[in-house]
Each structure stands twice: as structure tokens, then as C-alpha cells.
Amino acid sequence: MKVAISSTGRDLNSMLDTRFGRCNYFIIYDVEKGFVKAMENRGQISGGGAGIAAAQQIMDEDIDMVITGSMGPNAFNLLRNSDIKVYQCKNIQVEKAIQMLKDGGLEELTQVGPAHAGIGMGSGKGFRGGR
Amino acid sequence: MNIAILSGKGGTGKTTVSTNLSLVTGSNYIDCDVEEPNGFIFLKPSQIASREVKMDYPLVDTNLCALCGACAKVCQFNALVRTKKKITLFEKLCHGCRACGLMCNHGALTFGKRVVGRIEEGTLWDIVCKRGILNVGELMAVPVIKELLTNLPEGVNLLDCSPGTSCNVVCSLQYADSAVLVTEPSLFGLHDLKMAVQLVRCFNLPLSVIINKYNPEDDRIERYCQQENIRVLGVIPYDREVVRVYSSGKMVVQLPEYRERFEKIAKNLREVFPWN
């Protein structure tokens, strides 16, 4: 069983990033074997459809479960249709989030967050900005 | 000749200036702010003809698709995703570039067309009024703007652009021969004016400025224009009467004082740009 956690850093001590599409890294963790790797999120640098790009990366890695804060409608539907379970967590250490998942302390994400929520409005990309 | 009316900051009076200038000079009015075109509210053209704007999008033949994911990989806009069961399309993200079709080695991709907006064209006396309308929920305005600005009528066309300096404005400027920047004497007005000036200079277009909501006690715009050697074509005072007329959907040039002002601006405009 492989788990992907949206993270601000590359190791298990990093804090979980509550944004899915725009997080810096995904930490890949095998429930049986432990830490596998950290990979940069391609969605982070994409002009649009960040959640979709991130979901594609998750699917390509054969992930079974995702831990993140919230997720927009496009990514959520993609993962759900691919039978990948999404669990919700606050911004705590990645290691602690994994422990909570193992203990059955995390709830499955059932409600979709708003679209474009992870885009910083101060980053020079106005909402009306054409693509 | 096509004159782009832009501003940087929103709400400085692009539509007020373009519609009133159009009336005073007899130029055609082209509303390029396809996300929320509002010039027709004031000009009220008649005999409006409408046609649809369509965009290409990929169709996947699931019998031929080998799920190799080459189409999803090449897509720069994340419009295609390879899941374990099928290729999923997010049509609103698709730019219609057809790169996916070039990459598919299985002949599984063909292209269909979908409606993203429409173009309307009408007349007010001998003035041609044209506008693009982007359908609600669509993300990309550029295809509608491109369609709107190809085959423009003869004579002088005033292009009422979107606010900001986004793709929508860049696209409109590609069809312009000169630019008029409408601004207001405020911190935001000046800040965004500077961005708009930078953008117009990238296109090497002649440019001039009109100051709306003019306040004689605030000369920040004039000082900037002097410094940058930009001609100020005229000013429109910050006046309650203008707001009253505007908000009832009427033309500001119905007020004799403002007709005179706009005629003066038009005269200056003809001096600055090669009108014919």
C-alpha cells in the first residue's frame, strides 16, 4: 500500500502542505516498507490545472492513498474514479500524519474544496487573468 | 486604423471614453472585453447579427486508444489525463493546439468543435458596433477576441480592451496600430498605468493618455507622463453629473460641456496618430 502526502519539504519531518495541487513535494511512503521518496509536484509550476497535473503524477506512481488538506473538484473526481482514497489532515508533521493514518485516525475526504483555492492571489496572477 | 483603448486599472473609464469618442468621431466601436462586454448598453446598436465562436477539442476513440498517455504528456495545459481506465479530457482547459493529435500513434484522436462564445455585430447610424461574448464558465477569452478582431470593418476602429495587462489585452494589442491609455489620478491608477505603458511599448505602438475622474489637486499622472514624454490628450473631470448620466445608461456627450471636451480630445487624437 503506497501513500502520497502533500508536503512542504522532502523528508518525514517536514510539515504537511494542506494544498494538494500547489504543494511543493509529495512524500511517497510504503505502509510495509517505510519511506520511499520525495518527488517535486509538477502541478506547482503549472499555469492552470495544477490539481489535474498533481493527480496525474499520483496516478502514474501507482499510489493507493493520498493525505492532504483539501482538494478541488477536478483532482478529486480523477482520483475517486481511479479508486485512490483521499484522507484529510491538518498541517502537522508528515510522519505524524502517517502514524494517524495507520491508527485509523484520519477521515476520508468527502467534500470537495473550491476550485483555484491554492493559487496565491498576490503572486501576480489576477483572477481575471486570461490563460 | 485600429486604436486600442486600455488602462491597466479597471474602472477608469475605458468604455466611457471609447463609446463617447466613437460617437463624436464616427469611428466603429469594437468591444474586446469579452468577459463582460458593456459598450452596447450605451450605444444601443440595432440590426444585430450574431454568430458562434467555436474551438477544437480532442475526441478519444476508446477502441483504438492504447492508453499510452502520449497525448496527456504533451498537453501543456493539463487538459488531458491518463487514468488506468481511460483518457479523461477537461475541455475548458484545452487550447485547441492539436499537439495531442500529433503525438497519438494509434490514430485514436480526432477533433470536434465546441461553442465557447459568440460575436455580435450591429449598427448605430453609420457606426459599426461589434462585440465578442465569452460564454459563462469558459476560461479562455483569447479565441473569441481573435475571432472578433479578424475582418474588422474599414475606417477607424476603437478597440475597447479588457482591464489589466493579461493575455486578453496582449491579444487585442496585436491588432492595434496605436493605443490610448485611460487612467485616473490615484495610486492604483498610476501603478497600473505604468504596467500598461510597459506593455504597449513592447509592441512599439504610439501611445497617449486620457485622465478620467480628473482632480486638479492631484498631478501624479501628469508628472509621470511628462517624465515619460507621453502626450495627455485631455482630461474628464471628477463630476457627479457624469456619473448620473452614465449610470442611467446614457452617453456623456449628451451634456454640451462634455461634447465639447470629447471633441477636443478627438482633435488631439487626430494630431497624435496618423488618422488616415
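Below, chains carry the letters A, B, ... as their sequence lines are ordered, and counting in each starts from 1.
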query = Got a donor-acceptor contact below 3.5 angstrom from the B:Lys86 side chain to the B:Val60 backbone?
reply = no
task = Can you measure from OG (B:Ser162) to CD1 (B:Ile145) and round to the nearest 0.5 angstrom?
result = 5.0 Å
note = Among residues 62-82 of chain B, those lying within the under-4.5 Å heavy-atom range of chain A are B:Ala72, B:Phe77, B:Asn78, B:Leu80, B:Val81, B:Arg82
key: A:Asn74 side chain to A:Asn77 backbone, donor-acceptor under 3.5 Å   = no
request  = Given salt bridge (Lys or Arg N to Asp or Glu O under 4.0 Å), test B:Lys85 with A:Asp83 step by step and report yes or no.
outcome  = CA-CA 11 Å; B:Lys85 298 164 200 162; A:Asp83 302 320; 3.7 Å; yes
ask   = Looking only at atom types and distance, does a side-chain atom of B:Thr12 sit under 3.5 Å from a main-chain N or O of B:Val182, one as donor and one as acceptor?
value = yes
task = Report yes or no: do A:Tyr25 and A:Asn41 form a side-chain donor-acceptor pair below 3.5 Å?
result = no
task = Calculate, to the nearest 0.5 Å, the distance between atoms CD1 and CD belonging to A:Ile27 and A:Glu95 respectively.
result = 10.0 Å
ask   = Can you tell me if A:Asp17 and A:Thr8 form a side-chain donor-acceptor pair at under 3.5 Å?
value = no
message = Sort by residue number and list every residue of residues 106-115 of chain B having at least one heavy atom under 4.5 Å from chain A.
response = none
request  = Answer yes if the ring centres of A:Phe20 and A:Phe26 are under 6.0 angstrom apart, and no otherwise.
outcome  = yes
B:Thr88 versus chain A, the contacting section by heavy-atom distance below 4.5 Å = side chain
Distance-only polar pair, side chains of B:Lys14 and B:Ser7, donor-acceptor under 3.5 Å = yes
